[in-house]
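For ligands, and for the atoms within them, numbers begin at 1 and follow the listed sequence. Along the sequence shown, residues carry numbers from 1. A quick note: this is a predicted structure, and the numbers were derived from the prediction, not measured.
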Amino acid sequence: MKIEHLGIAVKSLENADLLFSKLLGAEPYKHETVEREGVTTSFYKTGESKIELLEASNAESPIAKFIEKRGEGIHHIALGVENIAKEVERLKKEGFIFISEEPKEGADNKLVVFLHPKSTNGVLVELCQEKP
Ligand SMILES: C[C@@H](C(=O)O)C(=O)SCCNC(=O)CCNC(=O)[C@H](O)C(C)(C)COP(=O)(O)OP(=O)(O)OC[C@H]1O[C@@H](n2cnc3c(N)ncnc32)[C@H](O)[C@@H]1OP(=O)(O)O
Ligand SMILES: [Co+2]
């Protein structure tokens, strides 16, 4: 598995974009809102992986909750997989807890599921697969 992207929770995507563009010396390659997840995102290429900046798009967003509790910072790590359904089955057998087992549409043309941070050493893990 490779690290497909790192998700970073930010208060203002506009401000964070200015900062990360300077930091990485490159502009984001896309902005995308995923209303079902309550996020507006900005994606940067960083070698083989990506950085996904996440701003809350509504008050109930997981990002709004996260920032309120913990402040801005690394929110999740996304692992790229070939067959998400297979990986869900494999990891369930290994005892991992999924927030929801049904892959849903994420950003950047992906199907995604999340493992609960309680079952992964306090780290929110996303599995993602390129949409067929
Ligand atoms: C678009 C897409 C994509 O890439 O394609 C995305 O990434 S969307 C990214 C946004 N979507 C998501 O994050 C969806 C999956 N996330 C969720 O369903 C939720 O945020 C949960 C992770 C289940 C947390 O929700 P819940 O309502 O339980 O919140 P809560 O504040 O009561 O948190 C329960 C416990 O989990 C911890 N907790 C919450 N968020 C966490 C995170 N990101 N990393 C590590 N721990 C986290 C809290 O501190 C708390 O710990 P204590 O009990 O110790 O205080
Ligand atoms: Co993500």
Side-chain angles (χ1 to χ4, degrees):
M1 280 185 206
K2 74 161 189 176
I3 297 177
E4 211 281 333
H5 64 265
L6 282 181
I8 299 179
V10 303
K11 286 183 186 162
S12 157
L13 202 57
E14 198 183 335
N15 290 344
D17 263 340
L18 289 174
L19 191 136
F20 273 84
S21 298
K22 267 189 230 158
L23 179 67
L24 300 171
E27 298 294 314
Y29 69 91
K30 74 149 67 173
H31 287 112
E32 189 176 344
T33 297
V34 184
E35 205 43 71
R36 205 183 35 73
E37 292 293 332
V39 298
T40 303
T41 65
S42 176
F43 279 91
Y44 294 82
K45 293 213 162 82
T46 48
E48 297 253 314
S49 301
K50 300 161 187 164
I51 287 179
E52 174 186 40
L53 302 181
L54 303 136
E55 181 191 75
S57 64
N58 62 59
E60 290 77 46
S61 167
I63 300 303
K65 241 181 153 179
F66 179 87
I67 289 179
E68 199 179 301
K69 268 201 169 168
R70 302 175 160 217
E72 294 181 297
I74 294 183
H75 177 261
H76 65 269
I77 173 172
L79 300 172
V81 300
E82 291 291 322
N83 183 329
I84 198 162
K86 248 190 192 164
E87 286 302 328
V88 170
E89 283 316 307
R90 183 179 73 81
L91 293 171
K92 263 168 60 182
K93 281 198 196 111
E94 296 283 4
F96 290 92
I97 313 290
F98 283 84
I99 293 166
S100 156
E101 292 172 16
E102 190 60 41
K104 301 207 171 92
E105 230 166 277
D108 211 17
N109 201 41
K110 295 284 190 301
L111 293 172
V112 305
V113 290
F114 288 88
L115 284 90
H116 200 285
K118 293 279 179 234
S119 81
T120 45
N121 287 97
V123 177
L124 178 61
V125 176
E126 171 188 332
L127 301 183
C128 62
Q129 178 208 307
E130 205 76 37
K131 260 199 289 186

Handout entry: Check: H76 N/O within less than 3.5 Å of ligand 1 N/O
Key = yes
Problem - Contact check: K118 vs ligand 1, nitrogen or oxygen atoms, below 3.5 angstrom - result: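 Min N/O separation from ligand 1 is below 3.5 Å for K118.
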Return a yes/no value: protein heavy atom under 4.0 Å from [atom]?
atom                    : result
atom 51 (O) of ligand 1 : yes
atom 24 (C) of ligand 1 : no
atom 39 (C) of ligand 1 : no
atom 28 (O) of ligand 1 : no

Which of the numbered atoms in ligand 1 are below 4.0 angstrom from a heavy atom of [X]?
X    : result
G106 : 5 (O)
V112 : 5 (O)
F66  : 40 (N), 41 (C), 42 (C), 43 (N)
L124 : 13 (O), 42 (C), 43 (N), 44 (N)

Determine which of the N, O or S atoms in [X] is closest to the Co ion (ligand 2) and give its atom name.
X    : answer
E126 : OE1
H5   : NE2
E52  : OE1

Which residue holds the protein heavy atom closest to [atom], what is that atom called, and what is the gap in Å?
atom                    : answer
atom 45 (C) of ligand 1 : G122 O, 3.1 Å
atom 4 (O) of ligand 1  : E52 OE2, 2.8 Å
atom 5 (O) of ligand 1  : A107 N, 2.8 Å
atom 48 (C) of ligand 1 : R70 NH2, 4.1 Å
atom 17 (C) of ligand 1 : I99 CD1, 3.8 Å
atom 20 (O) of ligand 1 : P62 CB, 3.5 Å
atom 15 (C) of ligand 1 : F114 CG, 3.7 Å
atom 34 (C) of ligand 1 : K69 NZ, 4.5 Å

Handout entry: Steps toward salt bridge (Lys or Arg N to Asp or Glu O under 4.0 Å) verdict (E68, K65)
Key = CA-CA 5 Å; E68 199 179 301; K65 241 181 153 179; over 6 Å; no
Problem - For S12 against E72, the heavy-atom pair lying closest together - result: N-OE2, 4.5 Å
Practice task
Looking only at non-hydrogen atoms, find the nearest pair between I99 and P117 and report the distance.
Solution key: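 So the two residues come closest at CD1-CD, 4.5 Å.
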Output the distance between atom [atom1] ([X]) and atom [atom2] ([Y]), rounded to the nearest 0.5 Å.
X    : Y    : atom1 : atom2 : answer
L124 : I74  : CG    : CD1   : 12.0 Å
E102 : L111 : CD    : CG    : 9.5 Å
E55  : E14  : CD    : CD    : 9.0 Å
I51  : K45  : CD1   : NZ    : 13.0 Å

Exercise for the section: Check the pair L6, Y44 against side chain to side chain contact (heavy atoms under 4.5 Å, CB included), reporting the backbone distance first and the verdict last. Expected result: CA-CA 10 Å; L6 282 181; Y44 294 82; over 6 Å; no
Completion exercise
Looking at H75, E37, R36, K65, the heavy atom closest to atom 26 (P) of ligand 1 belongs to K65
Exercise for the section: Apply the test salt bridge (Lys or Arg N to Asp or Glu O under 4.0 Å) to residues K92 and E89: give CA-CA distance (whole Å), side-chain angles for both, the deciding distance (0.1 Å), then the verdict. Expected result: CA-CA 5 Å; K92 263 168 60 182; E89 283 316 307; 3.5 Å; yes
Exercise for the section: Kindly confirm whether the Co ion (ligand 2) is within less than 2.8 Å of some N/O/S atom in H76? Expected result: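 Yes - counting backbone and side chain alike, H76 has an N, O or S atom under 2.8 Å.
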Problem - Worked verdict on K104 versus E37 for salt bridge (Lys or Arg N to Asp or Glu O under 4.0 Å) - result: CA-CA 10 Å; K104 301 207 171 92; E37 292 293 332; over 6 Å; no
Practice task
Would you sort out whether L54 and H76 count as a side chain to side chain contact (heavy atoms under 4.5 Å, CB included), showing the intermediate values?
Solution key: CA-CA 10 Å; L54 303 136; H76 65 269; 3.5 Å; yes
Problem - Cationic N near anionic O, under 4.0 Å, K110 to E4 - result: yes
Problem - H5-D108 side chain donor-acceptor pair, cut-off 3.5 Å - result: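 No, no side-chain donor-acceptor pair sits under 3.5 Å.
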Practice task
Kindly assign one of parallel, tilted or perpendicular to the pair H75 and F66, based on the angle between their ring planes and the thresholds 30° and 60°.
Solution key: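 Perpendicular: the ring planes of H75 and F66 meet at over 60°.
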Problem - Close approach, H5 and ligand 1, non-hydrogen under 4.0 angstrom - result: yes
